[in-house]
Amino acid sequence: MGFFSDFKASLMKGDVLSLATAVVIGGAFGKIVGSAVDDVIMPIVGLLTGGIDFTTKFITLDGNSYADLAAAKTAGAAVITYGNLVQAIINFVIISFFIFVVLRAAEKARKKEEVVAAPAAPAGPTQEELLTQIRDLLKK
């Protein structure tokens with residue numbers, strides 16, 4: 001086989017198509033989760049924390065004091081922007097919780113489908129049928 005026919009054959013495998021579908025859906029789901037965090041949950045967190053914007057929190061390493069982060073960066077000061085870390089941790093916790101809730105709901109839906117789709121176990125002989133079989137074997 002030629003290079004292109006091998007390439008086409010590898011693309012048409014079910015695993016590659018499933019992976020491509022998962023990546024596209026994952027990207028779309030990431031946008032939904034990001035919007036839920038940024039547009040719904042973070043304003044509530046901001047309200048609870050008194051409107052603190054963690055991304056503006058920093059420590060300068062040169063010992064000088066600056067009005068804001070932009071002024072410190074303009075002055076060329078070395079800064080530790082610990083607020084970005086705090087914001088990233090808050091976002092991580094919120095996103096993790098959001099994904100947990102979605103996956104838990106999907107798992108419950110899958111379990112319900114399995115219960116409905118599971119075939120009924122074949123019915124065994126009744127007690128009377130077993131006793132009849134034992135009697136017949138004893139007679140022989």
Side-chain angles (χ1 to χ4, degrees):
M1 289 183 129
F3 177 79
F4 290 109
S5 58
D6 288 344
F7 182 68
K8 180 182 175 185
S10 70
L11 284 180
M12 293 304 158
K13 288 183 181 175
D15 295 341
V16 174
L17 293 175
S18 296
L19 179 62
T21 303
V23 168
V24 171
I25 290 175
F29 185 71
K31 289 181 181 181
I32 291 170
V33 171
S35 176
V37 170
D38 294 338
D39 302 332
V40 177
I41 297 172
M42 286 312 292
I44 296 169
V45 171
L47 181 66
L48 295 174
T49 60
I52 296 174
D53 182 10
F54 291 107
T55 59
T56 62
K57 302 298 181 187
F58 65 97
I59 298 172
T60 58
L61 299 178
D62 64 1
N64 293 329
S65 186
Y66 299 96
D68 59 3
L69 182 59
K73 287 187 176 183
T74 302
V79 293
I80 296 175
T81 54
Y82 69 90
N84 288 338
L85 177 63
V86 170
Q87 186 70 38
I89 291 170
I90 291 171
N91 286 351
F92 174 77
V93 169
I94 293 169
I95 290 170
S96 298
F97 178 74
F98 192 85
I99 291 173
F100 169 75
V101 169
V102 169
L103 291 177
R104 187 170 181 201
E107 188 65 29
K108 283 186 178 183
R110 185 178 302 139
K111 284 183 181 178
K112 284 183 183 177
E113 288 177 4
E114 288 175 2
V115 169
V116 171
T126 64
Q127 187 174 3
E128 289 79 19
E129 291 172 341
L130 288 174
L131 290 173
T132 304
Q133 289 175 2
I134 293 171
R135 183 197 65 201
D136 293 342
L137 288 172
L138 288 173
K139 281 185 182 178
K140 290 183 183 178

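What's counted below: heavy atoms across the whole structure, side chains too, no hydrogens, waters or symmetry copies.
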Donor-acceptor pairs are to be reported for all side-chain atoms of residues 28-42 against protein atoms at under 3.5 Å, with residues two or more places apart or in another chain.
from: S35; atom 1: OG; to: D39; atom 2: OD2; distance (Å): 2.9

- Sequence neighbours excluded, every pair satisfying salt bridge (Lys or Arg N to Asp or Glu O under 4.0 Å) that has a member inside residues 93-111: E107-R110

- Message: With rounding to the nearest 0.5 angstrom, report the CG to CD1 distance, L61 to I80.
- Response: 4.5 Å

- Query: Just wondering, are more than 12 heavy atoms of other shown residues or ligands nearer than 6.0 Å to CD in E129?
  - Reply: yes

- Message: Would you say that L131 contacts E128 through its side chain, given a criterion of any heavy-atom pair below 4.5 Å between the two side chains?
- Response: no

- Task: Any chance you could measure T132, atom OG1, to Q127, atom CD, to the nearest 0.5 Å?
- Result: 10.5 Å

- Item | Where Y66 and N64 come nearest, the two heavy atoms and their spacing | OH-ND2, 3.6 Å

- Between CG of D68 and NZ of K73, what distance do you get to the nearest 0.5 Å? 11.0 Å

Just distance, no hydrogens or angles: give the donor-acceptor pairs under 3.5 Å from side chains in residues 84-97, sequence neighbours left out.
from: N84; atom 1: ND2; to: T81; atom 2: OG1; distance (Å): 3.2
from: Q87; atom 1: NE2; to: N91; atom 2: OD1; distance (Å): 3.4
from: S96; atom 1: OG; to: F92; atom 2: O; distance (Å): 2.7

